[in-house]
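Encoded as structure tokens, the structure appears first; notes follow it.
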Amino acid sequence: MPAARFIRRRLERRGFDPEHLGEEMLETMVRLDHALRDLAGGDGVPQGFDPNLFLAPGLPRVRPLLVLLSAKAAEASEGACLASDPHAAAGAEQVAVAAELLHITITLHDAALGQRGGRRRRAARRLLGGAVGWLGGSHLTLRALELSRHAPAPEIVGDLLDTLREITDGQALAQALQGGDPGSADQAINLADARSGAVFAFACRAGARLVGADRAVVRSLGRYGRHAGIAWHLADDLWALGLEGEELYREVADRAASGRTPLAVSLAAQRDPAVAEAWRRLARRADPELAAHLARRVTEAGGLTGERERLALETWTARRALNQLPPSPHREALDAFVARLAV
């Protein structure tokens with residue numbers, strides 16, 4: 001199957017060893033990709049909305065994979081088998097889709113708050129209407145709730161609602177930082193926690209709940225997901241600041257306009273007032289020369305070094321959280337994924 005081969009290659013690039021996953025899980029990822037596109041573009045979507053602006057077809061989706069891997073890793077501690085229960089297996093796929101819908105909802109709101117111009121911003125604002133500051137304004141959020149309601153573990157709905165509250169708090173913080181306020185280092189970490197940290201933690205806890213894992217395992221996988229999500233967010237910041245030319249200024253200017261300040265920028269702004277001024281100017285106007293100037297000043301002020309140090313701490317903490325689980329190929333896959341983020 002060409003789609004499965006494509007996903008296999010992309011997973012390898014993201015630090016997952018396909019041999020740890022197995023062909024069955026790879027085929028599940030292909031099915032989930034199709035299901036996500038159907039849900040994102042189905043009933044209730046404004047006419048002319050193109051879900052592919054927010055869903056790159058065929059791209060391996062980390063959050064659904066974390067649900068499935070966490071369920072398999074928790075199975076090893078419980079002696080359960082998700083595959084032997086068709087109802088539970090179907091529920092796992094629904095929850096995996098719900099986790100990715102949370103991520104897409106965040107992406108949608110980022111686009112709505114970002115730099116003026118461009119198809120993504122127009123499409124996001126058309127879909128959200130007047131509810132740009134409220135996650136419940138998206139049909140994707142409602143579909144995530146509907147999917148979770150059918151999960152075999154009723155606690156998952158409560159977890160999803162708690163996650164939505166965290167994401168909403170993070171969105172409020174980002175809106176407060178709109179206009180170029182670099183914020184503090186603590187605020188940058190809170191943003192990472194309320195976005196990727198919250199969604200990754202939900203995915204990993206949900207996986208454990210699907211197989212009836214005890215509280216200690218649920219907590220351990222939730223803690224792993226929390227720190228893995230923050231590490232993912234920090235790694236994405238470092239990737240953006242390492243770009244050059246047009247890619248650099250588009251990524252950095254969009255973050256400045258939407259209030260998504262990288263930790264490196266917050267740290268550097270505390271030491272160099274020129275960083276804060278450049279960040280405020282980028283929030284108003286995407287300027288390639290100014291973006292390159294900002295990236296240089298952030299590096300010289302030690303911002304990148306500080307963010308790398310925090311990334312190393314988050315990955316180490318995530319890996320320690322897995323010690324509660326017995327050895328298994330799926331625990332190894334979770335460990336390898338977060339270890340890869342540090343490099």
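Because only heavy atoms are used, hydrogens play no part in the values below, and waters and symmetry mates are left out as well, while side chains stay in.
- The shortest distance between side-chain heavy atoms of Ser328 and Lys72 does not fall below 4.5 Å.
- Under a 3.5 Å cut-off, the side chain of Arg271 and the backbone N or O of Ala301 do form a donor-acceptor pair.
- Note that CZ of Arg195 is 13.5 Å distant from CH2 of Trp232, once rounded to the nearest 0.5 Å.
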Checking salt bridge (Lys or Arg N to Asp or Glu O under 4.0 Å) for the pair Glu246/Arg250: CA distance, chi angles, key distance, verdict?
CA-CA 6 Å; Glu246 181 176 338; Arg250 287 188 183 280; 2.7 Å; yes

Where do Glu277 and Arg297 land on the salt bridge (Lys or Arg N to Asp or Glu O under 4.0 Å) test, with the steps shown first?
CA-CA 11 Å; Glu277 176 58 24; Arg297 297 300 288 251; over 6 Å; no

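- Annotation: the span from Asn190 atom CG to Gln187 atom CD amounts to 7.5 Å, rounded to 0.5 Å.
- The shortest side-chain heavy-atom distance between Arg226 and Thr317 does not fall under the 4.5 Å cut-off.
- In terms of heavy atoms, Ala206 sits closest to Val95 at CB-CG1, 3.6 Å.
- Remark: Ala321 engages Arg223, Tyr224 in a side chain to side chain contact (heavy atoms under 4.5 Å, CB included) (not counting sequence neighbours).
- For Glu300, the CD atom sits in a packed shell: over 12 heavy atoms of surrounding residues, nucleotides or ligands are nearer than 6.0 Å.
- For the atom pair CG (Leu311) and CD1 (Ile230), the distance works out to 11.0 Å, reported to the nearest 0.5 Å.
- A distance of 9.5 Å separates CG in Leu263 from CG in Asp186, rounded to the nearest 0.5 Å.
- The same ILVMFWY cluster, assembled from side-chain heavy atoms under 4.5 Å apart, contains both Ile156 and Leu161.
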Test Asp254 against Arg260 for salt bridge (Lys or Arg N to Asp or Glu O under 4.0 Å), laying out the working first.
CA-CA 8 Å; Asp254 199 53; Arg260 292 177 290 144; 3.0 Å; yes

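- Rounded to the nearest 0.5 angstrom, Arg310 CZ and Leu267 CG are separated by 9.5 Å.
- Following chains of ILVMFWY side-chain contacts shorter than 4.5 Å, one cannot reach Leu177 starting from Val252, and the two form parts of different hydrophobic clusters.
- Between the side chain of Glu307 and the backbone N or O of Ala264 there is at least one donor-acceptor pair closer than 3.5 Å.
- In this structure the side chain of Val62 reaches within 4.5 angstrom of the side chain of Phe337, judged on heavy atoms.
- Transitive grouping of hydrophobic side chains (ILVMFWY, heavy atoms separated by less than 4.5 Å) keeps Leu173 and Val265 in distinct clusters.
- Residues Phe200 and Arg63 meet the side-chain proximity criterion, which asks for heavy atoms closer than 4.5 Å.
- From Gln171, atom CD reaches atom CG of Leu164 across 11.5 Å, with rounding to the nearest 0.5 Å.
- In this structure, the side chains of Leu290 and Tyr249 stay at 4.5 Å or more apart for every pair of heavy atoms.
- Cluster membership check: Leu313 does not share its hydrophobic cluster with Leu304, using side-chain heavy-atom separations under 4.5 Å among Ile, Leu, Val, Met, Phe, Trp and Tyr.
- Between the side chain of Thr315 and the main chain of Ala339, no donor-acceptor pair closer than 3.5 Å is present.
- Side chain of Arg331 to main chain of Leu325: a donor-acceptor pair is present (N/O by atom type, distance under 3.5 Å, no hydrogens or angles).
- Every residue two or more places apart in sequence or in another chain that forms a side-chain hydrogen bond (donor to acceptor under 3.5 Å, both in side chains) with Arg209 is listed here: Asp159.
- Taken together through direct or relayed side-chain contacts under 4.5 Å among Ile, Leu, Val, Met, Phe, Trp and Tyr, Leu102 and Val157 form part of one hydrophobic cluster.
- Considering only heavy atoms from C-beta on, Leu341 stays 4.5 Å or farther from Leu234 through its side chain.
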